[in-house]
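Numbering starts at 1 and runs along the sequence shown.
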Amino acid sequence: MIRSRLARFFTSLSFFVIAALVLGVAVGAGAQGLHNDTMIGGLGVVEALGQVWLNALRMTVIPLVFSLLVTGIVAIADAAATGRLAGRALMVFGVLLTGAVVWAIVAGQGLLSLWPIDPEAGRALLAGIPADAADEVGAAAQTDGLKAFLSSLAASNLIRAAAEDGVLAVVVFAIAFGFAATRVREELRRPMAAFFEAVAETMVVIVHWVLLAAPLGVFALALGVGLRAGLGVAGTLGHYVAIVCLSQIGLIVLIYAVAVVWGRIGLGRFARAVIPAQVVAVSTQSSLASLPVMVERARDGLNVPQRTAGLVLPLAVAVFRITSPVANLAVCLYVAQLYGVELGIGALIAGGLTAFAVSIASVGLPGQVSFFAAIGPICLAMGLPLGVLPLLLAVEVIPDIFRTVGNVTGDLAATRIVQGRGAEDEPS
């Protein structure tokens with residue numbers, strides 16, 4: 001079993017991306033040590049290809065997020081219309097996601113205050129990242145504050161806003177468009193939802209094509225980092241992984257507390273019930289693959305009726321991802337400190353609202369696709385550059401494990417909470 005899992009990992013795209021990161025930094029650092037101008041010039045051409053690859057990813061962000069938001073809101077409205085239990089579940093999901101956004105901002109900023117990025121290491125890492133047009137946006141976000149946030153909520157020209165990476169205005173319009181779509185007649189709503197679903201699927205296919213070249217793109221970008229930063233970049237990337245993981249571990253601890261208080265269940269009993277589902281989550285890194293054992297543990301471990309578990313848990317897998325805003329905002333807050341951007345209240349609110357929205361929109365996407373589909377819009381909404389994201393994607397394997405474990409734990413906690421007083425407790 002272990003050998004087969006290792007074989008799947010070493011043949012997966014994730015392994016090749018990590019290998020490309022290590023190789024790119026090593027080759028760049030080696031060229032730096034040789035001081036050969038001809039070699040460095042040739043490697044600079046390869047480095048430029050990394051920017052081309054990054055631009056290919058960026059061009060899918062706006063249409064993908066818009067179409068996913070519209071289809072996601074229509075799906076949620078349809079689910080809420082199916083009955084009182086589904087509506088209660090969606091309300092619980094919304095409250096938990098709001099709490100997760102607040103925790104993400106508090107925890108992310110707190111961790112980076114207690115354990116900040118080494119300034120020299122951060123500058124060395126960024127020295128190898130191609131210049132990004134979003135740098136100017138970051139400066140604006142730093143100075144304009146709440147006024148800039150309020151003015152960015154509605155754009156007089158949506159096409160211009162999209163072209164200028166005004167993601168927050170696009171997100172707000174997509175949410176309004178999605179809710180408006182739920183008010184039109186069913187014979188009109190369904191083909192419109194199918195159209196945007198087709199657009200989203202098409203964008204996902206394009207992203208898959210671009211990600212097939214991820215090892216080459218990451219190698220090209222890592223090459224520039226190695227040329228200018230050397231092997232010291234490894235410490236910064238390890239620090240990044242630790243910050244993102246700690247934010248999610250803190251959320252998982254909070255989920256236990258919420259389940260005990262709001263779900264009216266003993267801590268020991270809840271912990272014993274969720275462990276089997278967490279084990280499956282670690283081994284598969286998929287909430288969907290964990291669904292059968294989640295239903296079984298909700299019924300037998302949490303004493304939730306089959307009817308409730310059979311409705312709430314599939315709905316949670318479809319529209320609820322509690323670790324998404326926490327992990328995504330942790331990445332964005334790290335990028336902000338890396339670039340030295342002081343985030344005001346307006347930028348934090350913009351990031352929080354966008355993180356909440358895209359946590360629904362990116363549910364069901366493969367991990368590497370959702371990394372850009374979710375984090376890209378949040379960074380743009382907060383006025384942050386995207387150039388460093390491909391390097392962070394390369395080390396996403398470890399944080400992704402905690403994402404899945406947290407989602408599975410949150411799904412089971414939400415199911416117990418939705419059941420409410422109907423669940424009979426046993427002594428823990």
Side-chain angles (χ1 to χ4, degrees), residues 5 8-25 50 53-54 57-58 60-61 64 104 108 111 117 125 129 204 207-208 210-222 225 233-249 251-252 281-287 289 321-336 338 355 358-359 362-379 384-408:
R5 286 176 186 163
R8 286 197 300 271
F9 173 75
F10 281 107
T11 55
S12 69
L13 182 61
S14 297
F15 169 74
F16 289 113
V17 171
I18 293 174
L21 173 68
V22 174
L23 183 62
V25 171
W53 177 75
L54 178 60
L57 278 172
R58 289 187 60 172
T60 63
V61 169
L64 179 60
L111 284 170
I117 304 170
L125 173 62
I129 302 297
V204 168
V207 173
H208 272 299
V210 176
L211 286 176
L212 289 176
L216 296 176
V218 170
F219 174 80
L221 292 172
V225 173
V233 67
T236 305
L237 292 176
H239 179 253
Y240 157 77
V241 170
I243 292 294
V244 177
C245 290
L246 286 172
S247 295
Q248 294 183 91
I249 291 170
L251 174 70
I252 293 171
V282 170
S283 62
T284 63
Q285 294 183 41
S286 168
S287 298
R321 184 175 286 180
I322 193 169
T323 60
S324 177
V326 175
N328 295 340
L329 281 168
V331 175
C332 296
L333 292 172
Y334 198 91
V335 171
L338 196 60
V358 300
S359 70
S362 62
V363 166
L365 294 180
Q368 289 163 327
V369 176
S370 64
F371 186 88
F372 281 95
I375 297 174
I378 300 170
C379 278
L384 301 173
L386 305 182
V388 75
L389 292 186
L391 298 182
L392 304 184
L393 167 65
V395 293
E396 178 64 13
V397 175
I398 296 175
D400 195 49
I401 294 174
F402 289 96
R403 285 177 184 258
T404 311
V405 172
N407 287 333
V408 166

Interatomic spacing from SG in Cys245 to CD1 in Ile401 - rounded to 0.5 Å: 8.5 Å
List in chain and number order the residues that pass side-chain contact (heavy atoms from CB on, under 4.5 Å) with Ile243, two or more places apart in sequence or in another chain; answer none if no residue qualifies. Leu111, Leu112, Trp115, His239, Tyr334
To check you understand the geometry: which heavy-atom pair defines the closest contact between Pro377 and Val358, and what is its length? CB-CG1, 4.3 Å
Taking the side chain as every heavy atom from C-beta outward, state whether Thr60 and Val204 have any pair of such atoms under 4.5 Å apart. no
Taking atom CG of Leu329 and atom OG of Ser324, what is their separation to the nearest 0.5 Å? 8.5 Å
Could you check if a side-chain atom of Ile375 sits within less than 4.5 angstrom of a side-chain atom of Val335, using non-hydrogen atoms only? no
Only one of Ile378, Val244, Leu333 clears side-chain contact (heavy atoms from CB on, under 4.5 Å) with Asn328; which? Ile378
Less than 4.5 Å apart, any side-chain heavy atom of Trp53 and any of Leu216? no
Check whether any side-chain heavy atom of Phe371 sits under 4.5 Å from a side-chain heavy atom of Asp400, and report yes or no. no
Using a 4.5 Å cut-off on heavy atoms from C-beta on, say whether the side chain of Phe372 contacts that of Leu389. yes
Please give me the minimum heavy-atom distance between Val408 and Ala281, naming the atom from each residue. CG2-CB, 3.7 Å
Specify the closest pair of heavy atoms between Thr404 and Ser286, including all atoms of both residues, with the distance to one decimal. CG2-N, 3.4 Å
Heavy-atom check, side chain of Arg321 versus side chain of Arg403, under 4.5 Å: no
Which atom of Leu125 lies closest to which atom of Leu391, heavy atoms considered: CD1-CD1, 3.9 Å
Give the intermediate values and the outcome of side chain to side chain contact (heavy atoms under 4.5 Å, CB included) for residues Leu211 and Leu393. CA-CA 11 Å; Leu211 286 176; Leu393 167 65; 4.3 Å; yes
Shortest non-hydrogen separation from Leu386 to Gly376 and the atoms involved: CD2-O, 3.8 Å
Rounded to the nearest 0.5 Å, what separation is found between the CG atom of Leu23 and the CD1 atom of Ile18? 13.5 Å
Heavy atoms of Ser359 and Pro325 approach each other most closely as CB-CD, 3.9 Å
